Amino acid sequence: MTEAKQEMEIGDLDGGGVYVGKSATTGKDLHAALADEPESRGLPFYEAFEAAEEMRKQPGRENAHVPTPEELNVNLYQNKDKGALRGTFNTSSAFAVTCYRSSAPYGDGYARVQWFGDGYQDSFNRGFRLPVRLVW
């Protein structure tokens, strides 16, 4: 008799990350890192992609990437208070520390971002250090 695999719930710990549902971009299972990358200082746009490239060297993280704007909103922001995600995003009122970076460039020198205090989406200078939560 085989045991049925338990369905993952959003916010469940899984393989060193947190399950954040089906990707809003690809429809495939998506996991997020347990903390921002790097935890305390944020990254400029291109360094965020370098961090994802480093993460892809880890087993099981071969498709690690900076979240798309849709993944940032649907999979991370809308689930920020579920399970193991609760309390791991900065949602304080401080300006830049709540503004999470996406993978999408926007215009000349900007990229799409989302504030985790109120969910506001906009663009922000690519050179500025902002929080990044990698997904795979």
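The analysis underlying the following values was restricted to heavy atoms, covering all of them including side chains, and did not include hydrogens, waters or symmetry mates. The model shown is predicted, which means the values in this text are computed figures rather than measured ones. When a residue number appears, it is its place in the shown sequence, counting from 1.
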Taking side chain as C-beta onward, heavy atoms only, is [X] less than 4.5 Å from [Y]?
{"X": "W115", "Y": "F124", "result": "yes"}
{"X": "T91", "Y": "D118", "result": "no"}
{"X": "V97", "Y": "S92", "result": "yes"}
{"X": "L76", "Y": "E71", "result": "no"}

If we check side chain to side chain contact (heavy atoms under 4.5 Å, CB included) with Q58, which of these qualifies: R61, E62, E54?
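Testing each of R61, E62, E54 against Q58, the sole residue satisfying side chain to side chain contact (heavy atoms under 4.5 Å, CB included) is R61.
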Backbone N or O of P105 within a donor-acceptor pair of the R112 side chain at under 3.5 Å?
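Looks like no, no N/O pair under 3.5 Å.
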Could you tell me if T68 and T25 have a donor-acceptor pair between their side chains, going purely by distance under 3.5 Å?
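Checked: T25/T68 side chains pair up, N/O donor to acceptor below 3.5 Å.
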Going by side-chain contact (heavy atoms from CB on, under 4.5 Å), name the residues that satisfy it together with E53, two or more places apart in sequence or in a different chain.
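Checked E53 against side-chain contact (heavy atoms from CB on, under 4.5 Å); matches are R56.
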Quick one: side-chain contact (heavy atoms from CB on, under 4.5 Å) partners of E50, sequence neighbours excluded?
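Per chain and number, E50 pairs via side-chain contact (heavy atoms from CB on, under 4.5 Å) with E47.
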Which atom names give the shortest non-hydrogen contact between L130 and C99, and what distance separates them?
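Smallest interatomic distance, heavy atoms only, reads CB-O, 3.5 Å.
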Parallel, tilted or perpendicular: ring planes of F49 versus Y46, cut at 30 and 60 degrees
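It falls in the tilted class, 30° to 60°.
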Return each pair, listed once, that meets salt bridge (Lys or Arg N to Asp or Glu O under 4.0 Å) where at least one residue sits in residues 8-26; pairs must be two or more places apart or across chains.
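Checked against salt bridge (Lys or Arg N to Asp or Glu O under 4.0 Å) - neighbours excluded - the pairs reaching residues 8-26 are K22-D29.
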For F89 together with Y100, are the ring centres under 6.0 Å from each other?
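Aromatic pair counts; centres sit under 6.0 Å.
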